[in-house]
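Chain naming here is simple, since letters A, B, ... match the order of the sequence lines and numbering starts at 1 in each.
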There are 2 protein chains.
Amino acid sequence: MLTPTQLCKCLGDDLRLSLVCLLHGQGEVCVCDLVDAVSAPQSTVSRHLAQLRQCQLVVARRQGTWMHYRINPELPAWAQQTMANLVSPACEALSLNLPVPACCEN
Amino acid sequence: MLTPTQLCKCLGDDLRLSLVCLLHGQGEVCVCDLVDAVSAPQSTVSRHLAQLRQCQLVVARRQGTWMHYRINPELPAWAQQTMANLVSPACEALSLNLPVPACCEN
DNA sequence: TTCGTATATTCGGAAATACGGATATTAAAG
DNA sequence: CTTTAATATCCGTATTTCCGAATATACGAA
């Protein structure tokens, strides 16, 4: 089960926090769009997504070769509130420009 | 200035999160009481407190040889809310028993 | 000044984490 | 079956973080 320490550890990295912000802003995003949005190597993004998934912060849905990620809607309330609190200051601090242009509209 | 990533990094450690919870529960606590409460070596506690201080999460007040720490009351709202959200699940997850018995009543 | 208490800092090593190119896997299309 | 596109995993390396004993500092008392 997710602990507060684990949540903070997950969010305590610029790239992972960026991914969470992007997913929080748009319901569901596929990996290629996330790779574009954060302009980091694909393997790096995928590795961080795996970490977020392992902590249950995000869930994935496969559609053909695409994987669509979204924030896990079944997180405990304290975790959801924590993430909601952080998103807007984080978007500013990380200078993320939402929304991400979607490559795959399926 | 404090960024969301830095805040999360600070809170993403069992010992630091414990210290923050203890300080959040009682206005002001001296180092020796914190050392007792978390039962960790003094140098370790002091090092983590220095880190929290460097991120401005806590402030210190010297009284003779004692140092009294408290949560920085001037934190941005998003940071205060984040910490407030996490305190109660963190106390449970870390099994902290508040309040801490105070050794120095000055 | 000297001593004792409370706290901070230093230091070397251990452990955890991050990185990204290369490779593997999965699935759709031909 | 082969190819291609999207994504995941592997692996060696680099960086960061953590630890606690030892040492240093700050302060009050004698």
Side-chain angles (χ1 to χ4, degrees), chain A residues 3 5-20 22-23 28-70 94 100-106, chain B residues 3 5-20 22-23 28-70 94 100-106:
Chain A
T3 68
T5 304
Q6 286 175 327
L7 173 63
C8 292
K9 219 174 283 204
C10 268
L11 300 181
D13 174 272
D14 280 344
L15 185 43
R16 281 193 299 274
L17 187 54
S18 296
L19 294 172
V20 166
L22 293 170
L23 293 174
E28 215 178 28
V29 187
C30 70
V31 178
C32 55
D33 289 337
L34 293 171
V35 168
D36 285 355
V38 301
S39 57
Q42 177 265 326
S43 71
T44 296
V45 172
S46 194
R47 186 162 25 79
H48 283 288
L49 284 171
Q51 198 171 338
L52 292 173
R53 210 178 18 180
Q54 175 149 344
C55 285
Q56 325 235 32
L57 285 202
V58 304
V59 292
R61 172 178 69 90
R62 175 178 286 279
Q63 178 165 27
T65 51
W66 285 274
M67 289 291 277
H68 297 264
Y69 281 84
R70 64 182 191 283
L94 300 164
V100 165
C103 75
C104 41
E105 282 297 337
N106 343 25
Chain B
T3 68
T5 305
Q6 286 175 327
L7 173 63
C8 291
K9 220 173 281 204
C10 268
L11 300 181
D13 173 272
D14 280 344
L15 185 42
R16 282 193 299 273
L17 187 54
S18 296
L19 294 173
V20 166
L22 293 171
L23 294 174
E28 214 178 29
V29 187
C30 70
V31 178
C32 56
D33 288 337
L34 293 171
V35 169
D36 285 356
V38 301
S39 56
Q42 177 264 325
S43 72
T44 296
V45 172
S46 194
R47 186 161 25 78
H48 282 289
L49 284 171
Q51 197 171 337
L52 292 173
R53 211 177 17 180
Q54 175 149 342
C55 285
Q56 324 235 33
L57 286 202
V58 305
V59 292
R61 173 178 69 89
R62 156 156 263 140
Q63 178 164 28
T65 50
W66 285 274
M67 289 291 277
H68 297 263
Y69 281 84
R70 65 183 191 283
L94 299 163
V100 165
C103 76
C104 41
E105 282 298 336
N106 342 25

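- Remark: A/Tyr69 is not in phosphate contact with D/dA6, judged by side-chain N or O atoms under 4.0 Å from OP1 or OP2.
- With sequence neighbours left out, the side chain to side chain donor-acceptor pair (under 3.5 Å) criterion links A/Asp14 to B/Thr5.
- With a 4.5 Å cut-off on side-chain heavy atoms, A/Thr44 and A/His48 count as touching.
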Below 3.5 Å between N/O atoms, which protein atoms pair up with nucleotides 27-29 of chain D? Just atom names and distances, please.
none

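- Within the structure, a side-chain polar atom (N or O) of A/Arg53 is placed less than 4.0 Å from OP1 or OP2 of D/dT9.
- By the side chain to side chain donor-acceptor pair (under 3.5 Å) test, B/Glu28 is found to be paired with B/Arg61, residues two or more places apart in sequence or in another chain being considered.
- As a whole-Å value, the separation of A/Trp66 CH2 from D/dT4 P is 16 Å.
- Spacing between atom CE of B/Met67 and atom C1' of C/dT9 amounts to 13 Å, rounded to whole angstrom units.
- For A/Ser43, there are no side chain to side chain donor-acceptor pair (under 3.5 Å) partners two or more places apart in sequence or in a different chain.
- Judged as a side chain to side chain donor-acceptor pair (under 3.5 Å), and not counting sequence neighbours, B/Gln54 has no contacts.
- Here A/Ala60 pairs with A/Arg53, A/Met67, A/Tyr69 under the side chain to side chain contact (heavy atoms under 4.5 Å, CB included) rule; sequence neighbours left out.
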Next on the checklist: Counting primed atoms plus P, OP1 and OP2 as sugar-phosphate and everything else as base, spell out the protein contacts along nucleotides 13-24 of chain C at 4.0 Å heavy-atom distance: B, S or - for each nucleotide, 5' to 3'.
Outcome noted: -----SBBBB--
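- Qualifying side chain to side chain contact (heavy atoms under 4.5 Å, CB included) partners for B/Thr65, counting only residues two or more places apart in sequence or in other chains: none.
- Spacing between atom CG of B/Leu34 and atom C1' of C/dA6 amounts to 13 Å, rounded to whole angstrom units.
- Qualifying side chain to side chain contact (heavy atoms under 4.5 Å, CB included) partners for B/Val100, counting only residues two or more places apart in sequence or in other chains: B/Leu22, B/Gln26, B/Asp33, B/Ala37.
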